[in-house]
Enquirer: 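Let me give you the structure first, and then I'll get to my questions.
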Amino acid sequence: DMKVTQMPRYLIKRMGENVLLECGQDMSHETMYWYRQDPGLGLQLIYISYDVDSNSEGDIPKGYRVSRKKREHFSLILDSAKTNQTSVYFCASSLRRGDTEVFFGKGTRLTVV
Amino acid sequence: QQQVRQSPQSLTVWEGETAILNCSYEDSTFNYFPWYQQFPGEGPALLISISSVSDKKEDGRFTIFFNKREKKLSLHITDSQPGDSATYFCAASIYQGGSAKLIFGEGTKLTVSS
């Protein structure tokens, strides 16, 4: 069963703490994404990764960084989390760069208090 | 600013009725328009899509109507079922820097009452 897996599903952190969100996919997809979803705003693209160590900023990269050391694994890091980073974060993947069908994970609900 | 707009924000229909979800966009370079369906606690999943060279795409009870001149499209769900209750996102794809980027609308929350 091909899928995108996100861990953890729920996370509560204090303001100023570092946060690591993990994502894995078993479809050998080249391209991976991190989005955040907020009510009334839809999904906003944070970062795109085209392959190992080939990452590009999305529309709202400020306050985030990413790491992709293996094709099947893509991490989102928040250094010194802020309360306005409370959101639901979705990882996604697509087979190749330029492919328009994107597969999403179930999301991580992050609360920064 | 690339934008995709959806209306209404929420919609309630009775079982068996046709639900109509609207979407509009600004950038005429968008050429691919997928609709994603999201159930609570799940990630969005591709439901149906259309390219800018077509004006209609049908898949079972789901149909996209596309008006390129007016930069508008709509998703029609005929014979709506309670299981169709979900949030629907319209998206537009732009090919930029050698890759395709999806721009999502704000979503329409559909409730189908029985």
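The chains referred to below are lettered A, B, ... by the order of the sequence lines, with proteins before strands, and numbering in each begins at 1.
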Enquirer: So, A:R9 side chain and B:G41 main chain: donor-acceptor pair closer than 3.5 Å or not?
Expert: yes
Enquirer: Look at the side-chain heavy atoms of Ile, Leu, Val, Met, Phe, Trp and Tyr, link any pair under 4.5 Å apart, and say whether A:L45 and A:Y89 land in one connected group.
Expert: no
Enquirer: Supply the atom-to-atom distance A:Y33 OH to B:L102 CG, rounded to the nearest 0.5 angstrom.
Expert: 6.5 Å
Enquirer: Search all heavy atoms of B:Q38 against all heavy atoms of A:F90 and return the closest pair with its distance.
Expert: NE2-CZ, 3.3 Å
Enquirer: From B:F104 CZ over to A:Q37 CD, what is the distance, rounded to the nearest 0.5 angstrom?
Expert: 9.0 Å
Enquirer: Could you check whether atom NZ of B:K71 has more than 12 heavy atoms from other residues, nucleotides or ligands sitting under 6.0 Å from it?
Expert: yes
Enquirer: Around atom CE of A:M15, are there more than 12 heavy atoms from other residues, nucleotides or ligands closer than 6.0 Å?
Expert: no
Enquirer: With side chains defined as the heavy atoms from C-beta onward, is the minimum distance between A:L41 and B:E106 less than 4.5 Å?
Expert: no
Enquirer: Which atoms of B:Q6 are under 4.5 Å from chain A, going by heavy atoms: the side chain, the backbone, both sets, or neither?
Expert: neither
Enquirer: With only heavy atoms counted, which part of A:D38 is less than 4.5 Å from chain B, the side chain, the backbone, both or neither?
Expert: neither
Enquirer: Mind checking whether B:I103 and A:D59 have side chains closer than 4.5 Å, heavy atoms only?
Expert: yes
Enquirer: For the interface with chain A, which of B:P44, B:S93, B:G107 has the highest count of heavy-atom pairs at distances below 4.5 Å?
Expert: B:P44
Enquirer: What part of A:Y35 is in contact with chain B, defined as an atom under 4.5 angstrom from a non-hydrogen atom: side chain, backbone, both or neither?
Expert: side chain
Enquirer: Would a distance-only check, ignoring hydrogens and angles, find a side-chain to backbone donor-acceptor pair under 3.5 Å from B:Y36 to A:V102?
Expert: yes
Enquirer: Does atom CZ of A:R71 have more than 12 heavy-atom neighbours, drawn from other residues, nucleotides or ligands, at distances under 6.0 Å?
Expert: yes
Enquirer: Looking at A:E101, A:R96, A:Q44, which one has more heavy-atom pairs under 4.5 Å with chain B than the rest?
Expert: A:E101
Enquirer: Quick one: do B:L21 and B:F66 end up in the same hydrophobic cluster if we chain Ile, Leu, Val, Met, Phe, Trp and Tyr together by side-chain heavy atoms under 4.5 Å apart?
Expert: yes
Enquirer: Is it true that, when you exclude A:K82 itself, more than 12 heavy atoms of the residues, nucleotides or ligands shown sit nearer than 6.0 Å to its NZ?
Expert: yes
